[in-house]
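Scroll down for the structure; my scribbles are underneath it.
First the proteins, then the strands, lettered A, B, ... as listed; each starts at 1. Values below: all heavy atoms of this structure, side chains included; hydrogens, waters and symmetry mates excluded.
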Amino acid sequence: MEAYINGIGIISPQQTFDTADFLTEVVEHNSKSLPCIEPSYQEFLNPVLSRRMARIIKMSIAASSVCFKEANISIPDAIMTGTALGCLEDTEKFLSAIIENDEQFLTPTSFIQSTHNTVSAQIALQLKCMNYNFTYVHKGFSFESAVLDGLMTLAEGEAKNILVGGHDEMTDKYFRVCDRIGYWKKEENVPTMELINMKSDGSIAGEGASFFVLSNEKTESSYAVLRGIKAIYKPQSKQEIESKIAELLHSKELTFNDIDLVVYGINGDARFDKTYNILKDGIFKNSTSTYFKHLCGEYQTSGGFAMWLASNIIKRQMVPSAVLIGENKTKQIKNVLIYNTFLDTNHAVFLLSQC
Amino acid sequence: MDALIDQLKGEIIEQLNLEDLKKEDIDADATLFGEGLGLDSIDALELIVLLEKNHGIKVANPADGKKIFQSIRTMAEFIQANKK
Amino acid sequence: MISAIGNNVAESLASLENSKSGIGTLENIRSRHKTIIPVGEIKASNEELTAMAGLRPDQQSTRTALLGLIAVQEALSSSGISDIKEFRTGIISATSVGGMCTTEDLWYDYLDKEKSGPWLKYIEAHECGDSTEFIADHTGIKDYLSTISTACSSSANAIMFGARLIKHGILDRVVVGGTDSMTRFTINGFMTLMILDKEKCKPFDAERQGLNLGEAAGFIVIESEKASKGKEIYAELSGYGNSNDAFHQTASSPDGAGAYLAMEKAFKVSGLKPTDIDYINAHGTGTSINDLSEGTAIDKLFSKNVPSISSTKAFTGHTLAACAAIEGIFSILAIKNNMIFPNLNYENPMTELSFKPSTIQDKSKKINHVLSNSFGFGGNTSALIFSRHN
């Protein structure tokens, strides 16, 4: 089960929508909730359809369009997306309307769009794509399930090019709600480049829409080859984590030492960053270390941002200084591992290689 | 009638998020669905709520919407005929 | 399984055999539409469900999670699993409301910093995946977890994904299904779409007025050949297919193009022909659009030679993300007991369709292959084929 990553479209709190740019300038947000930098949607959206669309739907359609263009395909053979919270803004809108109007004078639009599969459905509707269409909604395994399904689908042999994506949005209200259970840092200011050095509990919030065309054919636009993914639920020990990583690597005839670079989901939360440190100072002490959540914030489908980062590092053979921890230890970057967790509950490992 | 038509245009632009349109762009006799404004079945449901909320008129059967929502003028005529 | 017609499979089968519908008045949640909208509700409070699942009161979770756990416990025991660690075991659940059943009561309290209490734990329970993790933690399932939400086809897709995980050798056995509880959110949502019948729903009737909502959880254990050795096998999942209608965000296309494709794919996977099917458990919600669209696609696929067909929605209500799982279990029961369940409340044939649904208890023929359809918002269409194990 392997797939070439032939196209990427991503809207994030960084200037990632322009595929030519690769973190030349880091955008520092003066906030504990990092908002996406959105493009103009005119060229991607039919105005009659888009007038009802919430922000996350527009972002996802734009990001997926860019990724189709890059991969040079018009209609994917399957669409699978991951989202932990679905279309949060519309969900809140309908929920508030029910409560505030005491179940009267409600209109259907926000209800319809609150359905978790709205994004994958709207992408299909815009493309008139009648193929396989799935949406995974499992916290920090949402995007990862979509990727696994993608690899399985390509291995089954009938699909050639498929769209895999992850999308979650943050709202002002949901930020406040999650703040009540200790998700975010209490400090007033959290400077982007200082996140990794903070010793306090909590992280910063983020959001994003990341889409990839996975294919069983290598093309000129290929970034990297995605060689496998593993989800680990509530690991009990360091040994459990290491043995799962080893299992993934051994299936590709690789060892820990073959990993040139690791992308860690370090989010500055003192409670959870220890897992990353164990790997960074242990089995991967000879690999180059990078991190990314200071750039996109913490959210359930941040694995999409990590996959964008890893794919670009491999394709460009370049590690932006903003993501580097310590020094760059490797000249050629062949094998990259992503280790990302959400709240220490959902752990995910991705393996990517140069193609 | 003209005042009601003008009011309805404003209400429809707001309810249906037709941000790019101004009142004067909408012809009171143009068809709302299909060719004209390009509205669909979800918009019809939105308009049913608009009638109830802003004009106190209940439409129980969504199929009746077809006749009522032919154009802004037919909507206005319906409101006048049913206003209590 | 647990639904308005029974707290377990045996009770549900008895209700099906006695044509006992679970549609009635809403009792457990407050709603101004209580007296207007009949529903298929499980007549147990969250406290009672907590006890039913063998939990302490402080272990209570959302209604969605509790229903799911009760159904999974039954599924595990009826498949004779005592040691969950014996094989690599996963769970693929489906839900459309997730923790909304609790969020809708507490939303403004969450936002009010002055208020606090143990109920703050439900903030995290809002996420769909949380119900799956609750079930996994209480049953020891750990090797793979995921949750699917594609509206009303969700649990068909969970069954499909689970089966494929076994096919690819990623798991040895997997618990698949779905759970959804009644919420004001969905009741009001479907009301805005004006597709709720104010009477008991009448699937495939020319005079049908819409659907009745229901709540349920249903789970099935799928095992690889290795893990199922020496066990009683209820049925095989022989075919599955998913497609997208790509016609409209909520409404099905009049010709049922997506439904047709999903069924066609399921036949392709199974290697069966339409003439092999003995019974179709239709999606049959009772809305004007679904029944026409689904019926038209079935007529086309079966060349107007449609086998016995019924919708069981008039028993349970439309249980959204759980419906494909409970109807999957009904399909398996149909095979096991050679039985076709009646399509309740049907009187007037639809002129557009060639077939009439089965309205009586039919035990006259052997049932070897059952087709079960499930379609959801966003054009999501799925079909499953269950077959007798030989």
| remark: In terms of heavy-atom contacts, C/Met194 and B/Ala60 come closest through CE-O, 3.4 Å
| message | Distance check, rounded to the nearest 0.5 Å: B/Asp40 atom CG versus C/His248 atom NE2? | response | 4.5 Å
| query | Among residues 253-264 of chain C, which residues come closer than 4.5 Å to chain B, judged by heavy atom distances? | reply | none
| message | Tell me whether C/Lys198 at atom NZ has more than 12 heavy atoms from other residues, nucleotides or ligands lying less than 6.0 Å away. | response | no
| request: Could you tell me whether C/Glu199 atom CD has more than 12 heavy atoms of other residues or ligands within 6.0 Å of it? | output: no
| field | Per-residue contacts, residues 5-18 of chain B versus chain C, heavy atoms under 4.5 Å | value | none
| query | Using non-hydrogen atoms only, which part of B/Ala44 is less than 4.5 Å away from chain C: side chain, backbone, both, or neither? | reply | neither
| said: Checking B/Leu45 against C/Leu193 for the side chain to side chain contact (heavy atoms under 4.5 Å, CB included) test, could you report, in this order, the C-alpha distance in whole Å, the side-chain angles of both residues, the deciding distance, and whether it holds? | reply: CA-CA 7 Å; B/Leu45 295 168; C/Leu193 294 170; 3.9 Å; yes
